[in-house]
Amino acid sequence: MSELRLASEKRLRLFSGRGFPELAEEVAQELGVPITPTSAYDFANGEIFVRFEESVRGCDAFVLQSHSAPVNKQIMEQLIMVDALKRASAKRITVVAPFYGYARQDKKHRGREPISARLMADLFKAAGADRLMVVDLHTSQIQGFFDGPVDHLFALPMLADYVGSKVDRSRLTIVSPDSGRVRVAERWSDLLGGCPIAFIHKTRDPRIPNESITGRVVGDVEGQTCVVIDDMIDTAGTITKAVDALFEAGAKEVIIAATHAVLSGPAIERLKNSRASEVVITNTLPISEDQKFDNLTVLSIAPLLGRAIREVFEDGSVTSLFDGHS
Ligand code: R5P
C-alpha cells in the first residue's frame with residue numbers, strides 16, 4: 001500500500017533550455033528544486049540534440065525557455081525538450097515561456113499572411129505540451145490558440161508597484177504608446193490610484209517591420225510625470241518616439257516601463273539617447289552587461305514564475321496571484 005502511495009506521488013522537475021539559464025537558476029532557487037541535468041548541443045549543421053541525464057518518468061515537468069535571439073533556435077530547442085520528455089514518460093509537461101515568440105503575428109493584417117502565434121501554439125501541442133505558462137502576451141486572446149490550459153502571468157503589478165513608489169502620484173499620467181494598449185494603461189491607472197491616462201495616436205505601415213510613425217498625444221500631459229508603458233521594447237522605435245511626443249506636448253518627466261526587453265539593433269542607443277529619466281523592464285529575456293546603462297532598472301520575474309509554478313504543481317490557484325490585478 002505504501003509503495004502504491006509512493007508511486008502516485010507527484011514530482012516537480014524544472015528543465016532549462018540554453019536560452020537563459022540564469023533565469024532558470026533564479027526560478028530554481030525560488031522553488032527550492034534543482035534544474036534537471038541536461039545535455040544539449042548543436043550539430044555542425046545547426047540541428048539541436050537534447051538528452052536528460054536523469055529519469056523523468058512520471059514527473060510534473062516545467063520546461064523553461066525564454067524566446068530570446070536567436071528566437072527560432074530557442075523555440076526549436078524547447079520543442080525538442082518537450083518531445084524528449086513526452087517520449088520519456090513525463091506525466092505532465094508545462095512549457096514555460098516568459099517571453100512567447102511570434103506573439104505579434106496574432107492575426108492577418110493583409111491577405112496571404114501567416115498567423116504565426118497560432119502556429120507556435122500548434123507546434124507546442126504537437127510536441128506534447130499539456131499547458132503553457134507565459135508572461136504578458138502581446139494580446140490576451142492568444143491564450144485561445146492553444147488547446148489546453150494557459151497560465152497568463154502579469155508583470156504589471158510588479159512594475160506598477162515599483163514605479164508607484166518613485167513618483168508623485170498627484171502629477172502622474174499613464175501613457176499607452178498606441179491605441180491598442182489603452183486597456184492596459186487603465187489597469188496601471190487602477191493600481192496607481194486612478195491617475196489620468198493618455199495615448200499616442202500611432203500609425204504603422206504593415207509592410208515595414210519595426211517602423212512606427214508616431215502621431216499626436218491624445219490627452220493632457222502638460223506638466224505631468226508620464227509613464228509610457230508597453231509589452232515589449234524591440235528596436236525601441238515605438239517607445240522613444242512616444243517619449244519625444246510627450247515632451248513636445250509639455251510633459252515634465254517621462255519614465256518608460258515595459259515587460260519584455262527584446263532590445264534588437266539600435267534599441268540600446270535609442271534608449272540611452274532618449275530623454276526618459278528611467279527605463280524599467282523585467283528579465284523575461286536576458287540582458288547582457290554591455291546592454292545595461294545608468295538609468296536602466298531590471299526587475300526580476302523569477303519570484304512570480306516560481307510562485308506560479310508552485311501553484312500549478314500543487315493544484316492551487318494561479319489567479320489568486322493576481323487577485324484584483326488581472
Ligand atoms: C507593438 O504592437 C508592440 O506592442 C510594441 O510596441 C512594438 O513591438 C515595439 O517594437 P519597437 O520597439 O521595435 O518599436
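Atoms within each ligand, like the ligands themselves, are counted from 1 in listed order. Position 1 is the first residue of the sequence, and the numbers go up from there.
For ligand 1 and D231, the ligand atoms under 4.0 Å from any heavy atom of the residue are 3 (C), 4 (O), 5 (C). Annotation for ligand 1: atoms under 4.0 Å from non-hydrogen atoms of T235 are 11 (P), 12 (O), 13 (O), 14 (O). Every atom of ligand 1 is numbered from 1 in the order shown, and the set under 4.0 Å from a heavy atom of H138 is 1 (C), 2 (O), 3 (C), 4 (O). Every atom of ligand 1 with a heavy atom of M232 under 4.0 Å away is listed here by number and element: 5 (C), 8 (O), 9 (C).
R118 has no carboxylate O lying under 4.0 Å from a charged side-chain N of D106, or vice versa, which leaves the two without a salt bridge. Contact check on D151 versus R131 returns a salt bridge, with a Lys/Arg side-chain nitrogen under 4.0 Å from an Asp/Glu carboxylate oxygen. Electrostatic pairing of E30 and R310 does not count as a salt bridge here, judged by no charged N lying under 4.0 Å from a carboxylate O. Salt bridge annotation for D294-K272: absent, with no cationic side-chain nitrogen under 4.0 angstrom from a carboxylate oxygen.
Using a 4.0 Å cutoff on heavy atoms, I239 does not count as a contact of ligand 1. Residue A236 places a heavy atom under 4.0 Å from ligand 1. Contact analysis leaves K241 out of contact with ligand 1, as no non-hydrogen atom separation drops below 4.0 angstrom.
If you look at F99 and H260, their ring centroids are closer than 6.0 Å.
Between the side chains of S277 and E253, a donor-acceptor pair is found at a separation under 3.5 Å.
Nearest residue to atom 5 (C) of ligand 1 from V262, D230, D106 is D230 (criterion: closest heavy atom).
Polar contact with ligand 1: absent for I233 (N/O pair, distance under 3.5 Å).
Proximity of a side-chain donor or acceptor of E77 to a complementary backbone N or O of R18 within less than 3.5 Å is detected.
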